Amino acid sequence: MDYKAVMKLALERGFYFPSCEVYGDAHAGFWEYGPSGVSLKNKFLELWRRELIRRDGMLEIDGSQIMSRSVFEASGHMGNFADPIIKCTKCNSTFRADRTIFDITKIEIPENADLNEFDNAITQNNIKCPKCKGDFDKTKKFNMMFKIGIGPEDEEAYLRPETCQSIFVDFPRLFKTMRGKLPLGIAQVGKSFRNEIAPRQSLLRLREFYQAEIEVFCNPSKLSETYRFSEVQDTQIRVQTDAEPISMTCKEAVELGIVPNRFVAYYLGILMEFYEKTGIDITKSRFRKLGDKEKAFYAEVAFDFEVETTIGWLELVACNYRSDYDLSSHAKKSKEKFEVMDNDEKILPHVFEISMGIDRSLYTILEHSLKNDKEHERTVLSLKPYLSPIHVGILSLVKKDGLKEKTDEIFLNIKRKYDAFLDHSGAIGRRYRRLDEIGAPFAVTIDHQTLEDNTVTIRKRDSMEQSRISISEIDSILSESVAFP
RNA sequence: GCGGAGUUAGUUUAGUCUGGUAUGACGUCAGCUUCCCAAGCUGAAGGCCGCGGGUUCAAAUCCCGCACUCCGCACCA
């Protein structure tokens, strides 16, 4: 189904909706998760923890969202996260100064150059607005970070534009106190903030968004060591260098030199295995190797994990080999020591990053899972059972004759263990449809026979099959079916 | 940020040209029906008609500004 259908589902069934919508001064780029969205997000993150954090023995932290100026001076965001922009005095169109100059004159000026350099190039080459031939105003820097004031003196600080800086800053303490050993993954889930010029498409481009980031610290001279590579060597990944994505195993990707080493290939492999379990159609996925122009300012080698949707390819994860860029900058700026011992060798670790966009991933899961079942005239959200906001609907066939009470009793017995939803009202078919639409994999229905022999019918969402089971079996069937893989 | 199209109940939508206080569907709730796949019947709730200003006796409707949503461009470490 398409973006519009997902949006309708999100609004009608409480997955997500615009923030502060009752007020006229609400800003674009802010959305809230409703109950179904939160439940899906929590389960998605639980899967992420199982498939990446626990599997690899990583450490998880939870850092501050507001960080001091020094952090971003060291990280490079003060200088590099800002784009040089020029604005036409006639039509108000805004352009990137460096790109506009390059397009017209083929003169390359680095984006972090002095602003005068751009102004000079524009004057000397008589560059005019490509749209209306108007004159450009002086070059300005637009920084995407939200600046905020701390305390009564409004001291300068910033909302983090990525979660990972706390991981770098905390690395020396974590390595010491947690008895770290390279390679060591440190992870964090949380909000990041970017002042996008034009946020759009709900969860796909937000000003306040969730990231789940992993920074793997490693010894750069040991990237070809096997570690746990054998676990993923036969895992299929789809890799795109220039033309079409090609399916290959992780082992082949390293042998062909497409992925630089086993270390990186291992993480691409476990990431792929994770996404396969989210229910996203991975035949529509690719690891796209980025060229020099596209890479982030800190990245040496970069792969974007992208998935095709009805509105095009979406970047869900950025995988960057950041070398010692971050640790050495923080070491220099803070004058703290960031080197650690790897066996008997003292080194400054390098970093491989797996930076996941949670909101975009959730959108993609919804889009790939939402099906229109024309034969049965229903909309089905065929989520993996372990990701479904509701595991099971508990329904009374009719309210009378003590069926309501019996239903309540069954609900009471399972509601602490499962996400169960109790429903007595309306036609039974309609209640099944409603559960189908929010992705509940099971419905348990209590009828007159239940009172006689303690059996109920259990209905499966995808096949609509029903079978008669005893009440005592509900728990074991659910616990097996909705368990994480 | 530029250009275009929009914004009416939880969702979808008529009405806007031609000004007279909002229509239908779905959904929700209650009751009847006691029923296993969106059944039927009865009833009800639900609208600052995006926000602000102007014109007018009177504005969902005309005019201006703003916000938001979508599309295209630009942007997206």
Side-chain angles (χ1 to χ4, degrees), chain A residues 3-5 7-14 17-31 34 72 75-77 79-83 85-88 90-96 99-100 103 111-112 129-132 134 142-145 161-162 164-165 192 194-202 204-207 209 290 294-299 302 311 314-315 318 320 322 353 355 357 360 373 376-379 395-401 403-404 425-437 443 445-449 456-459 461 464-466 468:
Chain A
Y3 177 80
K4 224 176 145 184
M7 198 64 229
K8 190 166 185 279
L9 176 79
L11 292 172
E12 280 183 338
R13 300 293 178 202
F17 46 86
S19 176
C20 309
E21 59 179 335
V22 299
Y23 286 109
D25 62 349
H27 291 286
F30 299 92
W31 291 71
F72 302 112
S75 71
H77 285 86
N80 292 312
F81 205 58
D83 293 331
I85 53 166
I86 42 176
K87 198 172 177 180
C88 172
K90 204 168 144 198
C91 72
N92 269 334
S93 293
T94 308
F95 300 88
R96 281 272 300 251
R99 295 200 188 166
T100 310
D103 287 347
E111 58 175 317
N112 52 359
C129 172
K131 269 192 184 162
C132 74
F142 175 69
N143 197 303
M144 301 248 298
M145 282 195 293
E162 54 180 11
C164 60
Q165 291 307 322
S192 289
R194 292 179 195 180
N195 200 358
E196 295 283 350
I197 295 172
R200 201 175 285 185
Q201 290 171 318
S202 56
L204 303 183
R205 196 140 98 245
L206 294 158
R207 286 185 165 134
F209 60 102
L290 302 188
E294 280 184 294
K295 285 186 302 197
F297 61 84
Y298 44 68
I311 45 177
L314 292 182
E315 178 195 335
N320 295 305
R322 297 174 76 126
E353 167 185 75
S355 172
R360 290 173 170 194
D373 179 358
H376 301 103
E377 286 183 72
R378 60 177 190 152
T379 303
L395 317 174
S396 51
L397 186 62
V398 296
K399 268 184 264 188
K400 288 205 289 197
D401 307 329
L403 290 188
K404 182 177 184 296
S425 70
I428 192 72
R430 177 180 300 159
R431 282 179 277 164
Y432 286 149
R433 294 299 190 282
R434 203 156 36 200
L435 288 166
D436 289 341
E437 207 173 304
T445 304
I446 286 79
D447 57 17
H448 287 100
Q449 198 185 324
V456 294
T457 54
I458 186 162
R459 170 191 183 268
R461 173 194 67 203
M464 297 171 75
E465 278 170 10
Q466 296 192 123
R468 192 107 208 148

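Heavy-atom basis, side chains included; hydrogens, waters and symmetry copies ignored. This is a predicted model, so every value here is computed, not measured. All chains are named by letter (A, B, ...) in the order of the sequence lines, taking the proteins before the strands, and each is independently numbered beginning at 1.
Nearest to the side-chain atoms of A:Trp31 among the listed nucleotides B:rC37, B:rC36, B:rU69 stands B:rU69. Counting only heavy atoms from C-beta on, A:Ala198 has its side chain closest to B:rG1 among B:rC37, B:rG1, B:rU11. Relative to the side chain of A:Glu12, the nucleotides B:rC71, B:rC36, B:rG10 differ in distance, and B:rG10 lies closest. For A:Asp447, whose side chain is taken as the heavy atoms from C-beta onward, the closest listed nucleotide among B:rC36, B:rC70, B:rU11 is B:rC36.
Across the C1' atoms, B:rG47 and B:rA22 are found 8 Å apart, a figure rounded to whole Å. Only the P atoms considered, B:rU42 is 15 Å distant from B:rG24, to the nearest whole Å. The separation of B:rC66 from B:rG72, taken at their P atoms, amounts to 24 Å, rounded to a whole angstrom. For the P atom pair drawn from B:rG3 and B:rC64, the interatomic distance equals 15 Å after rounding to whole Å. As rounded to the nearest Å, B:rC17 and B:rU7 have P atoms that lie 14 Å from one another. Spacing of C1' atoms, B:rC51 relative to B:rU12, comes out at 23 Å, to the nearest Å. With both ends at atom C1', the span from B:rA14 to B:rU61 equals 13 Å, rounded to whole Å. On the C1' atoms, B:rA58 is 31 Å away from B:rU69, given to the nearest whole Å.
Scanning both residues, A:Ser396 and A:Ile428, for their nearest heavy atoms gives O-CD1, 4.4 Å. Of all heavy-atom pairs between A:Pro199 and A:Gly29, the closest is CB-CA, 3.6 Å. Counting all heavy atoms, side chain and backbone alike, A:Leu397 lies closest to A:Asp447 at CD2-CB, 3.7 Å. Looking at every heavy atom in both residues, A:Arg207 comes nearest to A:Glu196 through NH2-O, 2.8 Å. Across all non-hydrogen atoms, the minimal contact from A:Ala26 to A:Cys20 is CB-O, 3.4 Å. Across every non-hydrogen atom of A:Arg96 and A:Ile86, the tightest pair is C-CG1, 4.4 Å.
Note: CD (A:Glu21) to C1' (B:rG47) measures 15 Å, nearest angstrom. Between A:Gln466 atom CD and B:rC35 atom P the separation is 16 Å, expressed in whole Å. Regarding A:Lys4, its NZ atom lies at a distance of 14 Å from the P atom of B:rU11, rounded to whole Å. As rounded to whole Å, 17 Å separates atom P of B:rC76 from atom CG of A:Leu206. If you take NE2 of A:His376 and P of B:rA39, they are 16 Å apart, rounded to a whole angstrom. Between the CG atom of A:Leu314 and the C1' atom of B:rC76 there is a distance of 13 Å, rounded to whole Å. Taking atom CZ of residue A:Arg13 and atom P of nucleotide B:rU12, one finds them 13 Å apart after rounding to whole Å.
Using a 4.5 Å cut-off on side-chain heavy atoms (C-beta onward), A:Ser355 and A:Glu162 make no contact. Between A:Pro161 and A:Met144 the shortest side-chain heavy-atom distance does not fall below 4.5 Å.
Residue A:Asp436 forms a salt bridge (Lys or Arg N to Asp or Glu O under 4.0 Å) with just one option from A:Arg378, A:Arg431, A:Arg461, A:Arg430, and that option is A:Arg378.
In terms of polar N and O atoms assigned as donor or acceptor, the side chain of A:Glu196 never comes within less than 3.5 Å of the base of B:rC76 in a complementary pairing. No hydrogens or angles were tested; on distance alone, a donor-acceptor pair under 3.5 Å links the side chain of A:Arg200 to the base of B:rG72.
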Look for any protein N or O under 3.5 Å of an N or O in nucleotides 61-67 of chain B and output each such pair with its distance, or none.
from: B:rA67; atom 1: O2'; to: A:Gly24; atom 2: O; distance (Å): 2.9
from: B:rA67; atom 1: O2'; to: A:Ala26; atom 2: O; distance (Å): 3.3

Using a cut-off of under 3.5 Å, enumerate the N/O to N/O pairs linking the protein to nucleotides 40-45 of chain B.
none

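A:Leu397 comes within contact range of at least one nucleobase, with a heavy-atom separation under 4.0 Å. Residue-level contact check: A:Ser202 touches the backbone only, with heavy atoms under 4.0 Å from sugar-phosphate atoms and none from bases. Backbone-only contact: A:Gln201 has heavy atoms under 4.0 Å from sugar-phosphate atoms and none from a base. Residue contacts for A:Lys400: at a heavy-atom cut-off of 4.0 Å it reaches a base atom on one of the strands shown. If you check every strand for non-hydrogen atoms under 4.0 Å, A:Phe142 touches nothing. Residue contacts for A:Asp436: at a heavy-atom cut-off of 4.0 Å it reaches no nucleic acid atom on any strand shown.
A distance-only check finds no donor-acceptor pair linking the side chain of A:Arg13 to the backbone of A:Glu437 [under 3.5 Å]. A distance-only check finds no donor-acceptor pair linking the side chain of A:Asp401 to the backbone of A:Leu403 [under 3.5 Å]. Distance alone, capped at 3.5 Å, places no donor-acceptor pair between the A:Arg200 side chain and the A:Arg205 backbone.
Within the 4.0 Å cut-off from OP1 or OP2 of B:rG31, at least one side-chain nitrogen or oxygen of A:Lys399 is found. Side-chain N/O atoms of A:Arg96 include one lying less than 4.0 angstrom from OP1 or OP2 on B:rC76. For A:Tyr432 and B:rC36, the shortest distance from a side-chain N or O to OP1 or OP2 is not below 4.0 Å. For A:Gln449 and B:rC36, the shortest distance from a side-chain N or O to OP1 or OP2 is not below 4.0 Å.
Looking at which nucleotide of RNA chain B each of A:Ile197 and A:His77 is closest to, the 5′-most match is held by A:Ile197. With the nearest nucleotide of RNA chain B identified for both A:Met144 and A:Tyr3, A:Tyr3 has the one nearer the 5' end.
Donor-acceptor pairing under 3.5 Å is recorded for the side chains of A:Gln466 and A:Tyr432.
Using Watson-Crick or G-U wobble geometry with both donor-acceptor distances under 3.5 Å, B:rC73 finds its partner in B:rG1. The partner of B:rU55 cannot be assigned: no Watson-Crick or G-U wobble pair with both contacts below 3.5 Å exists in any strand.
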